[in-house]
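Only one structure is covered here, and it is reproduced in the block below.
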Amino acid sequence: MSQAETVVVAENAGGRGKIVLLCDHASRRLPPEYGDLGLDEAARRAHIAWDPGALGVSRHLSRRFDAPLVYPDLSRLVLDCNRDIAAHDLIPAISETTEIPGNRDLGAAERARRIALAHTPFHSRIETLLDARAAAGLDSIVVSVHSFTPLYKGFDRPWPVGILSNRDRRVAEAMLADLAAQGIVDLGDNEPYAPGDGVYYTVGRHGEARGLPCVMIEVRNDEIADDAGESLWADRLGRALDAALAQLAAEGRSG
């Protein structure tokens, strides 16, 4: 097995449900060759390294919807798979307020090595999956799951969940309406991020560019800090996605 194949994980790849789950920041794993990148353990466990709780929520949703789930088993400190390869923060030298010594002054060869390690195989795996599903006559709805911090550079973030979308608002609007009906307040509509912030790369590339229904979900990470929180939010989001599936089916535009 190649190094790239050990980095990209596809769970339930043969799932026949309409949803395809992506989790760009599922893992905080640093391969041995990168050591600790000059960071202490607290930094390597913090949100700058991954999206805590996102993989757990994704796995619950995968079981609920018989959905394939694709993610890189690699910390975004090594490379952020949810960025264009030309993005300034593809390999961050500073994340939020933390300097990352192991990413300082990287040469072109090392950047290319990291892209080949994770970025290229991750996106290739998604493309192969979506192509195979289309060839099999399966509809696909691209759903990317993330988490965010309650506090960012001194600013409070009151939203327990954010639903992000760009030109294609079909899934987002149905989800927001259902989450509101569940009694969840302070919903984020393109909060705490929006596509213009550069965070929509994966969904834009594999969902919107293909004309597939798509959405990006951001759950505040203190809401999914344990198994109970992951299960609770997977149920809430699952009901909202059920509403979106029903709406798409009613419109006859499920992909």
Side-chain angles (χ1 to χ4, degrees), residues 20-28 46-55 57-58 61 69-72 74-98 100 103 114-115 118-120 122-123 126-127 141-173 175-176 179 186-210 212-224 233 237 240-241:
V20 174
L21 291 162
L22 310 176
C23 193
D24 304 85
H25 305 145
S27 174
R28 61 182 182 86
H47 192 92
I48 62 169
W50 64 321
D51 280 357
L55 181 59
V57 171
S58 298
L61 292 172
L69 166 61
V70 184
Y71 61 92
L74 183 80
S75 172
R76 64 176 162 197
L77 293 173
V78 177
L79 177 138
D80 191 336
C81 285
N82 190 33
R83 297 293 187 274
D84 187 278
I85 59 172
H88 70 92
D89 53 352
L90 175 73
I91 302 172
I94 299 176
S95 183
E96 296 185 16
T97 60
T98 302
I100 305 161
N103 289 348
R114 295 194 193 188
I115 290 168
H119 197 281
T120 299
F122 175 61
H123 291 286
I126 298 167
E127 288 166 357
I141 299 168
V142 176
V143 177
S144 180
V145 181
H146 293 251
S147 68
F148 67 95
T149 55
L151 187 71
Y152 181 75
K153 295 184 178 179
F155 291 94
D156 288 322
R157 292 156 134 187
W159 316 279
V161 64
I163 305 297
L164 280 60
S165 61
N166 195 22
R167 294 182 301 275
D168 184 347
R169 295 273 299 171
R170 291 174 287 174
V171 179
E173 288 179 355
M175 290 188 71
L176 287 163
L179 290 166
D186 292 328
L187 291 173
D189 184 355
N190 279 335
E191 296 287 1
Y193 304 108
D197 298 317
V199 302
Y200 208 64
Y201 175 77
T202 296
V203 177
R205 174 172 173 173
H206 300 290
E208 205 159 70
R210 284 177 176 253
L212 298 174
C214 54
V215 74
M216 181 173 168
I217 298 168
E218 288 270 6
V219 185
R220 203 175 64 213
N221 66 20
D222 60 333
E223 294 276 336
I224 50 175
W233 272 99
L237 294 167
L241 285 166

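What you see is a predicted model; the values in this text were computed from it and never measured. We number each residue from 1, following the sequence as shown.
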When you measure from the side chain of [X] to the backbone N and O of [Y], does any donor-acceptor pair fall under 3.5 Å?
| X | Y | answer |
| --- | --- | --- |
| R157 | T149 | yes |
| D84 | A86 | yes |
| D197 | A194 | yes |
| E223 | W233 | no |
| S144 | C23 | no |

Inset, instruction - For the residue pair H119 and D80, confirm or rule out a side-chain donor-acceptor distance under 3.5 Å. - result: no
Inset, instruction - Please check if any side-chain donor atom of R28 sits under 3.5 Å from a side-chain acceptor atom of H47, or the reverse. - result: no
Legend entry - Basic-acidic side-chain contact under 4.0 Å: R210, D168: no
Legend entry - Full working for side-chain hydrogen bond (donor to acceptor under 3.5 Å, both in side chains) between R205 and N82: CA-CA 10 Å; R205 174 172 173 173; N82 190 33; over 6 Å; no
Closest non-hydrogen atom pair between [X] and [Y], with its separation:
| X | Y | value |
| --- | --- | --- |
| P52 | N221 | O-CB, 4.0 Å |
| W50 | A26 | CE3-O, 3.4 Å |
| A54 | I224 | N-CD1, 4.1 Å |
| E191 | G188 | CB-CA, 3.9 Å |
| L77 | P92 | O-CD, 4.2 Å |

Inset, instruction - Report the C-alpha separation of R220 and D186 in whole Å, then their side-chain angles, then the decisive distance to 0.1 Å, and conclude whether the salt bridge (charged side-chain N to carboxylate O under 4.0 Å, His left out) test is met. - result: CA-CA 12 Å; R220 203 175 64 213; D186 292 328; over 6 Å; no
With side chains defined as the heavy atoms from C-beta onward, is the minimum distance between [X] and [Y] less than 4.5 Å?
| X | Y | answer |
| --- | --- | --- |
| L79 | I115 | yes |
| I163 | L179 | yes |
| V219 | D51 | no |
| L241 | M175 | yes |
| C81 | F122 | yes |
| L61 | V143 | no |
| V145 | S58 | yes |
| P192 | W159 | yes |

Inset, instruction - Determine the interplanar angle of the H123 and H206 rings, folded into 0 to 90°, and report it as parallel if under 30°, tilted if 30 to 60°, perpendicular if over 60°. - result: parallel
Legend entry - With P195 via side-chain contact (heavy atoms from CB on, under 4.5 Å) - residues at least two apart: N166, N190, Y200
To the nearest 0.5 angstrom, please state how far the [atom1] atom of [X] sits from the [atom2] atom of [Y].
| X | Y | atom1 | atom2 | answer |
| --- | --- | --- | --- | --- |
| T98 | I48 | OG1 | CD1 | 4.0 Å |
| H25 | S147 | NE2 | OG | 9.5 Å |
| C214 | R169 | SG | CZ | 11.5 Å |
| R114 | I91 | CZ | CD1 | 5.0 Å |
| Y193 | E218 | OH | CD | 6.0 Å |
| L55 | L69 | CG | CG | 6.5 Å |

Legend entry - Verdict with reasoning, L237 to V57, per side chain to side chain contact (heavy atoms under 4.5 Å, CB included): CA-CA 9 Å; L237 294 167; V57 171; 4.0 Å; yes
Inset, instruction - Return yes when atom CD1 of I85 has more than 12 non-hydrogen atoms of other residues, nucleotides or ligands closer than 6.0 Å, and no otherwise. - result: no
Legend entry - Passing option when H146 is tested against L22, L164, I217, D24 for side-chain contact (heavy atoms from CB on, under 4.5 Å): D24
